[in-house]
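Down below is the structure, laid out as structure tokens.
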Amino acid sequence: MKFLSTLLILVCLISCKKYSVATEQKIEDEVVRDTLSLSKQDIAKIKYLDYGIDAKAKNTLDSWLVYNTISKAVENLKNADFDFFTEDEAVFASALEDLDTTIPEDIDTASIRARLLVLKTKLYKLEEATRLTTTSKQEHLLIIKEVFEAFSYVTLLVNKKYEKEAQNIIKPE
């Protein structure tokens with residue numbers, strides 16, 4: 001009888017240890033998943049200069065469909081919505097291709113084209129980081145910050161172009 005009770009206690013102890021190890025593994029998996037997922041609060045902590053659209057540039061930028069598509073994607077990104085980057089690759093690729101080819105004539109300058117190229121590069125980088133499972137949370141946040149800055153600088157440059165055109169500088173003869 002003593003042998004049977006000792007065996008029963010030993011079996012209970014062994015099974016408890018297995019349950020404990022399994023529980024610890026589940027907790028570790030959840031912590032890892034939590035540190036990789038991005039929330040709206042994580043993205044809200046990103047510090048960068050966000051330039052708004054000037055009234056003079058509003059008509060031009062409102063009529064530029066690709067700019068509006070990317071603007072909505074960036075706004076959704078602020079809410080931790082990565083659908084533009086993950087759902088349909090063809091839509092994403094065509095939007096970035098149209099970014100170069102559909103620039104309104106009013107703002108088609110070398111400096112704006114250069115900024116659009118930077119924005120395009122950062123969007124591709126974010127799309128790749130979003131699709132990869134090996135990207136850390138910090139890397140992902142850094143890339144998102146780069147996209148926010150690139151988009152903001154495009155808007156700033158368009159605003160500056162209209163501001164420069166509005167200046168009437170009289171050159172001495």
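All heavy atoms count here, side chains included; hydrogens, waters and symmetry mates do not.
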For residues 44-51, which side-chain N or O atoms pair as donor and acceptor with protein atoms under 3.5 Å away, sequence neighbours left out?
| from | atom 1 | to | atom 2 | distance (Å) |
| --- | --- | --- | --- | --- |
| Y48 | OH | K78 | NZ | 3.3 |
| D50 | OD2 | K78 | NZ | 3.2 |

Please report, to 0.1 Å, the donor-acceptor pairs under 3.5 Å made by any side chain of residues 155-162, with sequence neighbours excluded.
| from | atom 1 | to | atom 2 | distance (Å) |
| --- | --- | --- | --- | --- |
| T155 | OG1 | Y67 | OH | 2.6 |
| T155 | OG1 | F151 | O | 3.2 |
| N159 | OD1 | D54 | N | 3.0 |
| N159 | ND2 | G52 | O | 2.7 |
| N159 | ND2 | T155 | O | 3.4 |
| K161 | NZ | D106 | O | 3.2 |
| K161 | NZ | E165 | OE2 | 2.3 |
| Y162 | OH | T60 | OG1 | 2.4 |

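Note on V66: it clusters hydrophobically with V147, by side-chain heavy-atom contacts below 4.5 Å among ILVMFWY residues. Criterion: ILVMFWY side-chain heavy atoms under 4.5 Å apart, direct or through other members. Under it, Y153 and I143 are not part of a common hydrophobic cluster.
Remark: side-chain polar atoms of D81 are paired, donor with acceptor, to backbone N or O of D83 under 3.5 angstrom. Side-chain atoms of R131 come within 3.5 Å of backbone atoms of F85 as a donor-acceptor pair (strictly under, hydrogens ignored).
We find the CD-CG distance between E149 and L119 to be 12.0 Å, quoted to the nearest 0.5 Å. In this structure, OG1 on T121 lies 10.5 Å from CG on L116, to the nearest 0.5 angstrom. If you take CG on L141 and OG1 on T135, they are separated by 11.5 Å, rounding to the nearest 0.5 Å. How far OG1 of T69 is from CG of D98: 9.0 Å, rounded to the nearest 0.5 Å. Note that NZ of K40 and CG of D42 are 12.5 Å apart. Values are rounded to the nearest 0.5 Å. Atoms CD1 and CD1, from I107 and I112 in turn, are 5.0 Å apart once rounded to the nearest 0.5 Å.
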Is there a side chain to side chain contact (heavy atoms under 4.5 Å, CB included) between K137 and L38 once you walk through the steps? CA-CA 7 Å; K137 188 174 186 177; L38 293 171; 3.5 Å; yes
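For T86, the side-chain hydrogen bond (donor to acceptor under 3.5 Å, both in side chains) test picks out no residue, with sequence neighbours left out. Not a single side-chain hydrogen bond (donor to acceptor under 3.5 Å, both in side chains) links N59 to another residue, sequence neighbours left out. For E97, there are no side-chain hydrogen bond (donor to acceptor under 3.5 Å, both in side chains) partners at least two apart in sequence or on another chain. Applying the salt bridge (Lys or Arg N to Asp or Glu O under 4.0 Å) rule to D108 yields the partners R113; only residues at least two apart in sequence or on another chain are considered. With sequence neighbours excluded, the residues that form a salt bridge (Lys or Arg N to Asp or Glu O under 4.0 Å) with K58 are D62. Take D88 and apply the salt bridge (Lys or Arg N to Asp or Glu O under 4.0 Å) test, not counting sequence neighbours, and it matches no residue. Residues satisfying the side-chain hydrogen bond (donor to acceptor under 3.5 Å, both in side chains) criterion with T102, sequence neighbours excluded, are W64. The salt bridge (Lys or Arg N to Asp or Glu O under 4.0 Å) check on E139 picks up nothing, with sequence neighbours excluded.
Pairs engaging residues 94-132 under the ring pair (Phe, Tyr, Trp, His ring centres under 6.0 Å) rule: F92-Y124 [sequence neighbours left out].
Residues I70 and L123 form a side-chain contact, since some pair of their non-hydrogen atoms from C-beta on lies under 4.5 Å apart. Under the 4.5 Å side-chain criterion, counting only non-hydrogen atoms from C-beta, H140 is in contact with T130. Counting only heavy atoms from C-beta outward, the side chains of N76 and F84 never approach each other to under 4.5 Å. In this structure the side chain of L77 reaches within 4.5 angstrom of the side chain of F82, judged on heavy atoms.
The hydrophobic cluster of V91 has no other members, since no ILVMFWY side-chain heavy atom comes under 4.5 Å of it.
Looking at E163 and K56, no side-chain N of the basic residue comes within less than 4.0 Å of a carboxylate O on the acidic one, giving no salt bridge.
Minimum heavy-atom separation, A80 to S39: CB-C, 3.9 Å.
Of the N and O atoms on the side chains of N68 and S71, not one donor lies less than 3.5 Å from an acceptor on the other residue.
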